[in-house]
A.B. asks: 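Pasting a structure here, questions to come.
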Amino acid sequence: MADIASELSVAFGQAFEALGLDPKLGAVRRADRPDLADFQCNGAMAAAKQARRNPREIATELVEKLSDVDGIADITVAGPGFLNVKVTPELLAQRTETVRSSEMAGADPSEETRSIVIDFGGPNVAKPMHVGHLRSAVIGDTLKRLCRFLGHHVVGDAHLGDWGLQMGQLIVGLSEEQPDLPYFDAANEGPFPATSPVDIEDLARLYPLASGKSKSDEAYRERCQKATAELQAGRAGYRALLKHFIDVSVAALKVDYDQLNVSFDLWKGESDADPFVAPMIEDLKSRGIAEESDGAWIIRVAREGDKGKTEMPPFIMVNSRGGVGYHTTDLATIFDRVHNLAPKPDLMLYVVDQRQALHFQQVFRASEKAGYFPEDGLEHIGFGTVNGDDGKPFKTRDGGTVRLSDLNRMALEEAEKKIATANLSADLSADEVRDIALKVALAATRFSDLQNTRTTDYKFDLERFTSFEGKTGPYLLYAAVRIKALLRRAKAEGNAAGDILIDSESERALALQMDAFNTALEQSYAKRMPHFLCEHVYNLAQAFSGFYGAHPIAAEKDPAKRASRLALCEAVLNQLETGLDVLGIKTPERM
RNA sequence: GGCCCCGUAGCUCAGCAGGAUAGAGCAACGGAUUCCUAAUCCGUAGGUCACAGGUUCAAAUCCUGUCGGGGUCACCA
């Protein structure tokens with residue numbers, strides 16, 4: 001069953017049509033004046049403009065057609081031509097029962113099923129993640145969950161940064177520390193030792209060292225570039241090393257991602273695109289799509305209608321030293337996905353920093369031009385930067401960044417502290433406390449990030465990430481936990497949920513809020529913006545808190561009211577947990 | 001300089017496919033616990049929606065310009 005707003009929109013659309021007006025004008029939404037109505041429709045005013053008629057007159061005619069519609073208790077014209085609708089308690093009760101009992105808690109699956117690749121996370125080998133990596137991880141993972149929830153087929157790919165100059169830097173860095181390792185003998189074709197010559201601490205030490213030296217020392221940089229080129233050309237020792245670097249890094253990355261409840265279906269990296277690079281280059285050269293310019297091979301992607309006086313820079317397929325960068329591996333990755341994934345993707349989302357916008361525009365245009373995958377199936381889901389107090393993005397290499405692992409640890413510590421001071425019965429085991437703390441920390445961290453509009457920058461505030469009061473993840477958990485406690489008590493007392501009766505203001509508000517779930521999901525999906533869902537879930541928790549404060553529930557004496565309120569609680573819990581699950585947040589039993 | 005994003009309450013942010021009285025959280029102030037978890041709830045105070053024009057019955061929302069902040073602009077990723 002569709003939500004009330006949608007059903008009313010259909011009825012209103014028909015009424016508009018019956019008057020010879022555009023049915024789209026019948027869009028009905030939640031009223032922004034809850035004192036006056038439950039739902040409103042503003043279409044009469046727009047219709048008046050189109051038809052050059054008096055808006056109130058049109059509105060009045062619509063009222064006549066609509067007043068008999070099932071579920072509408074009252075419909076009136078207000079102001080210049082607003083249509084205000086109040087619905088019956090019976091309709092709200094019926095709708096709430098659907099929320100309570102349906103698998104999707106009142107939401108509907110998407111009408112068409114798509115095959116979607118979501119490229120997110122984008123961690124680099126050897127570089128510990130910092131708070132800037134939180135966004136891609138959490139937004140990407142949430143979009144993955146959202147798409148799946150709506151019925152789409154989704155593949156999440158971490159797309160490791162494992163193929164650039166940084167690899168050459170690591171190789172050179174390691175060769176200076178341990179020059180006698182077999183990997184550095186160019187004549188050695190393998191096999192090489194199975195155990196890794198480095199652990200994550202080694203990588204964390206080597207990378208900044210080599211990266212720094214590469215900046216200041218030109219000869220050193222050239223060695224790194226050479227090593228990178230040799231790696232890419234297939235030098236056996238270097239390839240073997242790369243494998244170790246990746247394995248060691250992935251194991252470390254998984255620790256951070258696990259704590260954020262972020263997971264991937266594929267741990268592919270730029271290096272996995274390598275087998276497709278050479279044939280692709282040949283293909284693009286032979287078809288004249290790539291051309292030579294200043295010693296490099298490029299694809300021109302500027303177009304006629306482009307804004308500005310300066311042309312969009314070309315896509316660099318092969319640089320003048322014969323190397324390839326991430327433009328090329330990204331394009332080859334598209335090629336790989338189109339040919340090797342089943343089902344074949346029809347949409348690819350790239351959850352990457354907004355600053356990469358130009359890069360993706362170039363890659364997408366190149367893909368279109370090459371005929372590999374249509375441009376309109378490629379979307380850069382850019383997000384704003386995480387800024388410091390100075391309003392500027394955290395720098396990756398300079399000091400002053402907060403590591404993601406540190407953020408995770410601090411959130412967990414705060415959660416443990418809070419549990420210690422909360423009046424939880426002391427009968428919880430250490431494992432239970434740990435489990436609750438992890439869930440609270442997870443909720444706090446994910447929600448703090450996800451509630452921000454995807455595209456805007458936000459200032460990193462540690463307090464906000466480790467705060468559990470107000471508009472936070474733990475607030476949502478608290479609402480769910482309270483409901484669970486109520487239901488436990490009711491069960492213990494032998495009381496069950498029953499028929500839903502909506503007869504108080506707070507129950508009404510709660511029912512109306514639950515009706516908005518589907519719209520929130522649709523908005524989040526359509527705009528690829530999880531914050532709409534965050535907003536909904538938060539409003540739901542607030543509406544529940546209001547209801548909780550206004551009525552006894554498990555303690556209610558009247559059996560019919562008690563049964564109804566318990567059912568209402570079950571509906572809220574179902575939708576709350578469902579929504580939280582899409583956001584990647586886990587709910588404890590108590591906290 | 002070209003292009004992109006942003007400027008809303010003391011702070012952090014929603015709202016922007018135009019609509020009625022611009023909303024949350026934090027911070028401030030005042031209340032609520034013999035009663036289902038106070039990580040909660042109720043209330044008060046706080047805003048020329050950067051500025052100036054324009055379109056419209058109606059603009060925080062759309063258009064133009066100005067100012068301020070950030071990002072980005074072929075061979076690093």
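Here is the naming used below: chain letters follow the sequence lines, and residue numbers restart at 1 for every chain.
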A.B. asks: Measure CZ/Phe544(A) against P/rA39(B) and give the value in whole Å, please.
C.D. replies: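 Distance, rounded to whole Å: 14 Å.
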A.B. asks: Any side-chain N or O of Lys307(A) under 4.0 Å from OP1/OP2 of rC3(B)?
C.D. replies: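 For rC3(B), OP1/OP2 do not have a side-chain N/O of Lys307(A) under 4.0 Å.
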A.B. asks: Any strand counts, and the cut-off is 3.5 Å on both contacts for Watson-Crick or G-U wobble. Which nucleotide pairs with rC57(B)?
C.D. replies: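 Base partner found: rG19(B).
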A.B. asks: Can you check the His359(A) NE2 to rC75(B) C1' distance for me, whole Å?
C.D. replies: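 Answer to the nearest Å: 14 Å.
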A.B. asks: Pick the C1' atom in rG18(B) and in rC73(B), then give their distance to the nearest Å.
C.D. replies: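 Going atom to atom, C1' in each nucleotide, I get 35 Å.
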A.B. asks: Measuring to OP1 and OP2 of rA39(B), would you say a side-chain N or O of Tyr478(A) lies under 4.0 angstrom away?
C.D. replies: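 Yes, Tyr478(A) has a side-chain N/O under 4.0 Å of OP1/OP2 on rA39(B).
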A.B. asks: If the C1' atom of rA60(B) is compared with that of rC6(B), how far apart are they to the nearest Å?
C.D. replies: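 Pairwise C1' distance, rA60(B) against rC6(B), rounds to 14 Å.
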A.B. asks: Do you know which of Gln356(A), Glu270(A), His159(A) makes side chain to side chain donor-acceptor pair (under 3.5 Å) with Tyr326(A)?
C.D. replies: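 The side chain to side chain donor-acceptor pair (under 3.5 Å) with Tyr326(A) is passed solely by Gln356(A) among Gln356(A), Glu270(A), His159(A).
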A.B. asks: Categorize Gly79(A) for me: base, sugar-phosphate, or nothing, with a 4.0 angstrom heavy-atom threshold over every strand shown.
C.D. replies: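 Since no nucleic acid heavy atom lies under 4.0 Å of Gly79(A), the category is nothing.
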A.B. asks: Run the ring-centre check on His536(A) versus Phe532(A) and record whether the distance is less than 6.0 Å.
C.D. replies: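 Distance test on ring centres: not under 6.0 Å, no.
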A.B. asks: Hey, is Lys226(A) close enough to Glu230(A) for a salt bridge, meaning N to O under 4.0 Å?
C.D. replies: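 Glu230(A) and Lys226(A): salt-bridged.
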A.B. asks: In whole Å, I'd like the distance from the CG atom of Leu165(A) to the C1' atom of rC75(B).
C.D. replies: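 The distance from CG of Leu165(A) to C1' of rC75(B) comes to 12 Å, rounded to the nearest Å.
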A.B. asks: How does protein reach along nucleotides 14-19 of chain B, written 5' to 3' as B (base within reach of a heavy atom under 4.0 Å), S (only sugar-phosphate), or - (no contact)?
C.D. replies: SS---B
A.B. asks: Can you tell me the base-pairing partner of rA52(B)? Count Watson-Crick or G-U wobble geometry only, both distances below 3.5 Å, and say none if there is no partner.
C.D. replies: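 rA52(B) is paired, partner rU64(B).
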A.B. asks: Using the C1' atom as the point on both nucleotides, what is the distance between rU8(B) and rG23(B), in whole Å?
C.D. replies: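 The answer is 10 Å between these two C1' atoms.
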A.B. asks: Examine Phe447(A) together with Tyr475(A) and report whether their ring centres are nearer than 6.0 Å.
C.D. replies: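 No; Tyr475(A) has its ring centre 6.0 Å or more from that of Phe447(A).
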A.B. asks: Is the distance between the ring centroids of Phe364(A) and Tyr350(A) less than 6.0 Å?
C.D. replies: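 Yes, the ring centres sit under 6.0 Å apart.
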A.B. asks: Taking the side chain of Tyr538(A) as heavy atoms from C-beta outward, which of rA74(B), rU40(B), rA24(B) is closest to it?
C.D. replies: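 Nearest nucleotide to the side chain: rA24(B).
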A.B. asks: Is any side-chain N or O of Tyr475(A) closer than 4.0 Å to OP1 or OP2 of rA24(B)?
C.D. replies: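 Negative; the distance criterion is not met.
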A.B. asks: Does rG25(B) have its OP1 or OP2 closer than 4.0 Å to a side-chain nitrogen or oxygen of Gln542(A)?
C.D. replies: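 Gln542(A) to rG25(B) OP1/OP2: side-chain N or O found under 4.0 Å.
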A.B. asks: Across the strands shown, which category fits Gly161(A) at heavy-atom distances under 4.0 angstrom: base, sugar-phosphate, nothing?
C.D. replies: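 Counting heavy atoms under 4.0 Å across all strands, no contact is made by Gly161(A).
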A.B. asks: Please identify each residue that fulfils side-chain hydrogen bond (donor to acceptor under 3.5 Å, both in side chains) with Ser9(A), with sequence neighbours left out.
C.D. replies: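 Residues passing side-chain hydrogen bond (donor to acceptor under 3.5 Å, both in side chains) with Ser9(A): none at all.
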A.B. asks: What does rC35(B) pair with, Watson-Crick or G-U, if both distances are under 3.5 Å?
C.D. replies: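 Its partner: none found.
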A.B. asks: Between Phe468(A) and Tyr478(A), is the ring-ring contact (aromatic ring centres under 6.0 Å, His included) condition met? List the steps.
C.D. replies: CA-CA 10 Å; Phe468(A) 307 143; Tyr478(A) 190 69; over 10 Å; no
A.B. asks: Decide, yes or no, whether a salt bridge links Glu556(A) with Lys561(A) under the criterion of side-chain N to carboxylate O below 4.0 Å.
C.D. replies: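 Not counted as a salt bridge, because no side-chain N and carboxylate O are separated by less than 4.0 Å.
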A.B. asks: Please give, in whole Å, the distance from rC5(B) P to Arg135(A) CZ?
C.D. replies: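 Roughly 17 Å, once rounded to whole Å.
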A.B. asks: Answer whether the closest heavy-atom distance between the side chains of Ile419(A) and Ile436(A) falls below 4.5 Å.
C.D. replies: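 Yes - at least one pair of side-chain heavy atoms lies under 4.5 Å apart.
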A.B. asks: When the C1' atoms of rA50(B) and rG69(B) are considered, how many whole Å apart are they?
C.D. replies: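 Their C1' atoms lie roughly 11 Å apart.
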A.B. asks: Looking only at atom C1', what distance separates rU61(B) and rA20(B), rounded to whole Å?
C.D. replies: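 Taking atom C1' in both rU61(B) and rA20(B), they lie 15 Å apart.
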A.B. asks: What residues, two or more places apart in sequence or in another chain, satisfy side-chain hydrogen bond (donor to acceptor under 3.5 Å, both in side chains) together with Arg321(A)?
C.D. replies: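 Residues passing side-chain hydrogen bond (donor to acceptor under 3.5 Å, both in side chains) with Arg321(A): none at all.
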A.B. asks: Quick one: label Asp294(A) by what it contacts on the DNA or RNA (base, sugar-phosphate, nothing), any heavy atom closer than 4.0 Å.
C.D. replies: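 Contact class for Asp294(A): base.
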A.B. asks: Select one nucleotide: of rU12(B), rA20(B), rA39(B), the one nearest the side-chain heavy atoms of Leu36(A).
C.D. replies: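 Per side-chain heavy atoms of Leu36(A), the pick is rA20(B).
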A.B. asks: Can you check whether Glu507(A) reaches Arg565(A) side chain to side chain, under 4.5 Å on heavy atoms?
C.D. replies: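 Yes, their side chains come closer than 4.5 Å.
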A.B. asks: Both Gly546(A) and Pro313(A) contact RNA chain B. Which one's nearest nucleotide lies toward the 5' end?
C.D. replies: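 Here Gly546(A) is the residue nearer the 5' end.
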A.B. asks: Does the structure show a Watson-Crick or G-U wobble partner for rG30(B), both distances under 3.5 Å? Name it, or say none.
C.D. replies: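 rC42(B) - that is the nucleotide pairing with rG30(B), both distances being under 3.5 Å.
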A.B. asks: Looking at residues at least two apart in the chain, or sitting in another chain, which of them share a side-chain hydrogen bond (donor to acceptor under 3.5 Å, both in side chains) with Arg365(A)?
C.D. replies: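 Arg365(A) satisfies side-chain hydrogen bond (donor to acceptor under 3.5 Å, both in side chains) with Asp306(A) only.
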A.B. asks: What nucleotide among rC76(B), rU37(B), rA39(B) has an atom nearest to a side-chain atom of Val481(A)?
C.D. replies: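 When the side chain of Val481(A) is considered, rU37(B) is the closest of rC76(B), rU37(B), rA39(B).
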A.B. asks: Distance check needed: rG70(B) C1' versus Lys459(A) NZ, whole Å only.
C.D. replies: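 Rounded to the whole Å, the gap is 13 Å.
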A.B. asks: If I pick the P atom on rU66(B) and the same atom on rG1(B), what distance separates them, to the nearest angstrom?
C.D. replies: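 The answer is 11 Å between these two P atoms.
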A.B. asks: Provide, to the nearest angstrom, the distance between the CZ atom belonging to Arg53(A) and the P atom belonging to rC57(B).
C.D. replies: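 Taking atom P of rC57(B) as the reference, CZ of Arg53(A) is at 18 Å.
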A.B. asks: Assess whether one donor atom and one acceptor atom, taken from the side chain of Asn84(A) and the base of rA20(B), lie less than 3.5 Å apart.
C.D. replies: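 Looking at the base of rA20(B), it does pair with a donor or acceptor on the side chain of Asn84(A) (distance under 3.5 Å).
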A.B. asks: Between atom CD1 in Ile436(A) and atom C1' in rU37(B), what is the gap in whole Å?
C.D. replies: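 Going from Ile436(A) (CD1) to rU37(B) (C1'), I get 12 Å.
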A.B. asks: Between rG47(B) and rU64(B), how far apart are the C1' atoms? Round to whole Å, please.
C.D. replies: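 Straight-line distance between the two C1' atoms is 26 Å.
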A.B. asks: Checking understanding here: a glycosidic angle within 90° of 0 is syn, the rest anti, so what is rA27(B)?
C.D. replies: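 Glycosidic conformation of rA27(B): anti.
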A.B. asks: If you measure from the C1' atom in rG25(B) to the same atom in rG46(B), how many Å do you get, rounded?
C.D. replies: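 Approximately 15 Å lies between the C1' atom of rG25(B) and that of rG46(B).
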A.B. asks: In the strands shown, is rA9(B) matched to any nucleotide by a Watson-Crick or G-U wobble pair with both distances under 3.5 Å, and which?
C.D. replies: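 The base-pairing partner of rA9(B), which may sit in any strand shown, does not exist here.
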A.B. asks: Could you list the residues that satisfy side-chain hydrogen bond (donor to acceptor under 3.5 Å, both in side chains) with Glu416(A), not counting sequence neighbours?
C.D. replies: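 Applying side-chain hydrogen bond (donor to acceptor under 3.5 Å, both in side chains) to Glu416(A) gives none.
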A.B. asks: Give each protein N/O atom lying under 3.5 Å from an N/O atom of nucleotides 34-36 of chain B, with the pair distance.
C.D. replies:
from, atom 1, to, atom 2, distance (Å)
rC36(B), O4', Arg489(A), NH1, 3.1
rC36(B), O2, Ile553(A), N, 3.4
rC36(B), O2, Ala554(A), N, 2.9
rC36(B), O2, Ala555(A), N, 3.2
rC36(B), N3, Ile553(A), N, 2.9
rC36(B), N4, Tyr548(A), O, 2.7
rC36(B), N4, His551(A), O, 2.3

A.B. asks: Report which part of the nucleic acid Leu477(A) touches: base, sugar-phosphate, or nothing (heavy-atom distance under 4.0 Å, all strands).
C.D. replies: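 Since no nucleic acid heavy atom lies under 4.0 Å of Leu477(A), the category is nothing.
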A.B. asks: If I take atom CG in residue Leu358(A) and atom C1' in nucleotide rC76(B), what distance separates them, rounded to the nearest angstrom?
C.D. replies: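 Rounded to the whole Å, the gap is 15 Å.
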